[in-house]
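Beneath this line is the structure, given in structure tokens, with notes to follow.
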Amino acid sequence: MGRPNDEVAELFQEFADLLSITGEAAYKVRAYEKAARAIGGYHEDVSALDLKGLRQIPNVGDAIAKKILDYQETGTIRQLEAVRAKIPAGVRALTAIPTLGPKKALVLYEELGISSVDELAEAIPAGRLEGLKGFGAKSEENILHGIELMRRAGDRVLIDVAMGVAEEIIAVLSPLAGRCEYAGSLRRSRETIGDVDILATADDPGPLMAALVALPLVAEVIARGEKKTSIRTVKGLQVDLRVVPPESYGAALQYFTGAKAHNVRTREIAVRAGLKLSEYGLFDVESGDLVVSRTEEEVYERLGLPWIPPTLREDGGEVDAAIKGELPRLVQLGDLRGDLHSHTDLTDGIASLEDMVAAAAAHGWEYFAITDHAPNLFMQRMTDEKMLAQREAAHALGERYPDLTLLHGTELNIDADGEVDWPAEFLSGFDICVASVHSLFTQDRATMTRRLVRAVENPGVHVLGHPTARLIGRRASVDADWDEVFAACARHRTVLEIDAFPDRLDLPADLIRRALRHGAKFSIDSDAHATGHFANLRYGVGTAQRGWLTPDDVVNTWPLDRLRAYLAGS
DNA sequence: GCCGTTTTCGGCCCGACTGTTTTCAGTCG
């Protein structure tokens, strides 16, 4: 488990789930959910705040603040323990089954004593649900199907997989639609995607729905209505297609982009202004007249807000920033002038130096760093001689590309104690040195923190590569006191990498926002091992945007002389 | 339980689809 804020947020989310099962009023459940999100995203450590400090957290009032004090003293919350005693954890787990929510979970528990997914999976074929109110044959079938899906863990997919599906579908539907775009978490550039939301406009949705269900990638039609059709692809990814009239496009795009919590905020603003916001538009409550709906910009403007970039729409302070006119000018893909981390076939890349440089030049970069692995990552079989020979080759090659400055660098290995491959003298021969953790991922927090800080303090290290070393869905982040690491980065002018590989996206967005508070700088790098990998930079930029970064925060948007001056001070 | 340029009380986002409830509750996003 991570920092105390995450633990407390998880406790309140659990409390909210359990309250919804016990039938507690919906507004109270929502209050705990809102508080959980606010606590999880709060910049100060809630385990160190007093009552007054806790009350400063949005959506945390007296009652919740006192529960946090309870947590500080006892490590748990009395009221949560009380409801845990009434509702077994397995009942909460039932609500993770699609089509099964809190109400039905409670019926199953109270009427049949079912308190786990496994028990439910056995009870249905045994006929134990027959005659139970609200559970017909179709419900049983849906539940069994849902359990099967859960067990296949077809859970969430990486963003590049979802993007591939979305672009394939949009290519087919676009000719039949006025407009057709992806919305939802994909448009917000979340690092994993639960389902793909496609929005299209048409006066007659029929042909679009028919075209979707006829696609070869469709394994199953989950729902098919006049305005919405849901399918599951052969790989288990759900796709929802919503079709709205052309004049509703802006309101619908705003609505289906979410996040849900962001929409709640915008709708509350609408309500206070005597307006009602839905996917069909912004309406005057009294007259029922449509006010605006054509574009997102119009909708936000009528609510008194500037247009808010989708990557910020997480109810993470963006609405308040918009009201105050303090939205950041987010970094864009087009702002990047170069790439500071890439590999060739001299180590584990699959393209030659020549091909990588040619691709970088074709990309229009002003500068490009080759950073093959250093000797201590033994499997890569690097030697001093090979590295120096590559430097020669790179310099010679550079002369063929007058508009591209080639930087010769390396990706150092941070060892157990935070030391790197070469002595200072050899390191000074490189234009740029990335340093990364590639082993011993499970060191305790104190050891890992010392290890990372030591690497960051090394004057020969310019960039801390994929800092958490996580692999999404496969390997957890290393455990470190990140505030200490980020403070060291700011102090020593060591850049934090945002590795754009879809299974890394490292630093993650929440840590980027924390590092930003320390005044650290960032680089959005491809970590390319092939020429095609430059395309991943879009996901790195999406992650940087989710971390609220501006071009000034990202060193590889800078002109080369400014970048060099910054790195020289590290 | 939280919150306040209409409020310290009375609100709290809105709509689509499914299944079975013959008029709507539950789930989902």
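A, B, ... follow the sequence lines: proteins, then strands. Residue 1 opens every chain.
Between B/dA16 and B/dG10, the two C1' atoms lie 29 Å apart (nearest whole Å). Look at the P atom in both B/dT20 and B/dG15: the space between them is 26 Å, to the nearest Å. Taking atom P on both nucleotides, B/dC12 is separated from B/dT6 by 16 Å, rounded to a whole Å. Comparing the same atom, C1', in B/dT5 and in B/dG1 gives a spacing of 24 Å after rounding to whole Å. Separating the P atom of B/dT23 from that of B/dC17 is a span of 22 Å, rounded to the nearest Å. When the C1' atom is compared between B/dC13 and B/dC28, the two are found 14 Å apart, to the nearest whole Å. Taking atom C1' on both nucleotides, B/dC2 is separated from B/dT8 by 12 Å, rounded to a whole Å.
Closest approach to the A/Tyr32 side chain among B/dG29, B/dG1, B/dC14 is made by B/dG1 (side chain taken as heavy atoms from C-beta onward). Side-chain atoms of A/Arg267 lie closest to B/dC14 of the nucleotides B/dC12, B/dG26, B/dC14. The side chain of A/Val264 lies closest to B/dC13, out of B/dC13, B/dT18, B/dC17. Proximity note for A/Lys260 (side chain, C-beta onward) versus B/dC13, B/dA16, B/dG26: the nearest is B/dC13. Of the candidates B/dG26, B/dG15, B/dC17, the closest approach to any side-chain atom of A/Ser278 belongs to B/dG15. For A/Pro102, the side-chain atoms get nearest to B/dT27 when compared with the rest of B/dT27, B/dG29, B/dT18. Of the candidate nucleotides B/dT27, B/dA16, B/dC12, B/dC12 has the atom nearest to the side chain of A/Tyr27. Comparing B/dC2, B/dC14, B/dT27 by their closest approach to the side chain of A/Ile64 singles out B/dC2. Between B/dC2, B/dG15, B/dT27, one nucleotide has an atom nearer to the side chain of A/Ala31 than all others, and that is B/dC2. Residue A/Glu268 has its side chain nearest to B/dC13 when only B/dC13, B/dG1, B/dG15 are considered.
Nearer the 5' end of DNA chain B, as judged by each residue's closest nucleotide, is the contact made by A/Arg30, out of A/Arg30 and A/Pro98. Nearer the 5' end of DNA chain B, as judged by each residue's closest nucleotide, is the contact made by A/Asn142, out of A/Asn142 and A/Ala105.
Across all strands, A/Ala183 comes closer than 4.0 Å to no nucleic acid atom at all (heavy-atom distances). Using a 4.0 Å heavy-atom cutoff across all strands shown, A/Lys34 reaches no nucleic acid atom at all. Within 4.0 Å of A/Phe256, counting heavy atoms only, lies no atom of the nucleic acid at all. Among the protein residues, A/Val29 comes within range of no part of the nucleic acid, since none of its heavy atoms lies under 4.0 Å from any strand. No contact: A/Asn263 has no heavy atom under 4.0 Å from any strand. As judged by a 4.0 angstrom heavy-atom cut-off over every strand, A/Ile97 is placed among residues touching the sugar-phosphate backbone only.
Summarising the geometry, the separation between CD on A/Gln254 and C1' on B/dG15 is reported as 14 Å, rounded to the nearest angstrom. In this structure, A/Ile57 places its CD1 atom 14 Å from C1' of B/dC2, rounding to the nearest Å. For A/Arg242 and B/dC28, the CZ to C1' distance is 11 Å, given to the nearest whole Å. Rounded to whole angstrom, the span from the CD atom of A/Gln56 across to the P atom of B/dC3 amounts to 11 Å. Nucleotide B/dG1 holds its C1' atom 10 Å from the CG atom of A/Asn59, rounded to whole Å. Going from atom CD of A/Gln238 over to atom P of B/dT27 covers 17 Å, rounded to whole Å. The separation between A/Phe135 atom CZ and B/dT27 atom P is 8 Å, rounded to whole Å. Atom C1' of nucleotide B/dC14 and atom NZ of A/Lys228 are separated by 13 Å, given to the nearest angstrom.
Pair assignment for B/dT8 gives none, since no Watson-Crick or G-U wobble pairing has each distance under 3.5 Å.
The closest side-chain donor-acceptor pair between A/Ser230 and A/Asp240 falls under 3.5 angstrom. Using modelled atom types, one finds a donor on one side chain and an acceptor on the other under 3.5 Å when comparing A/His145 with A/Glu220. Defined by atom type and a distance below 3.5 Å, a donor-acceptor pair is missing between the side-chain atoms of A/Asp17 and A/Ser20.
An OP1 or OP2 oxygen of B/dA16 is reached within less than 4.0 angstrom by a side-chain nitrogen or oxygen of A/Lys227. Put simply, A/Arg265 has no side-chain N or O that comes within less than 4.0 Å of OP1 or OP2 on B/dC13. Using a 4.0 Å cut-off, no side-chain N or O of A/Thr266 falls inside it from OP1 or OP2 of B/dC13. For B/dA16, the OP1/OP2 oxygens have no side-chain nitrogen or oxygen of A/Tyr255 closer than 4.0 Å.
Ring centers of A/His533 and A/Phe501: under 6.0 Å apart, within the cut-off.
A donor-acceptor pair under 3.5 Å links the side-chain atoms of A/Arg470 to the main chain of A/Arg504, judged by distance alone.
Looking at every heavy atom in both residues, A/Cys180 comes nearest to A/Ile170 through O-CG2, 3.8 Å.
The cationic atom of A/Arg187 (NZ for Lys, CZ for Arg) does not lie both less than 6.0 Å from the six-membered ring centre of A/Tyr182 and within 45° of the ring axis.
Within 6.0 Å of CZ in A/Arg329 there are more than 12 heavy atoms belonging to other residues, nucleotides or ligands.
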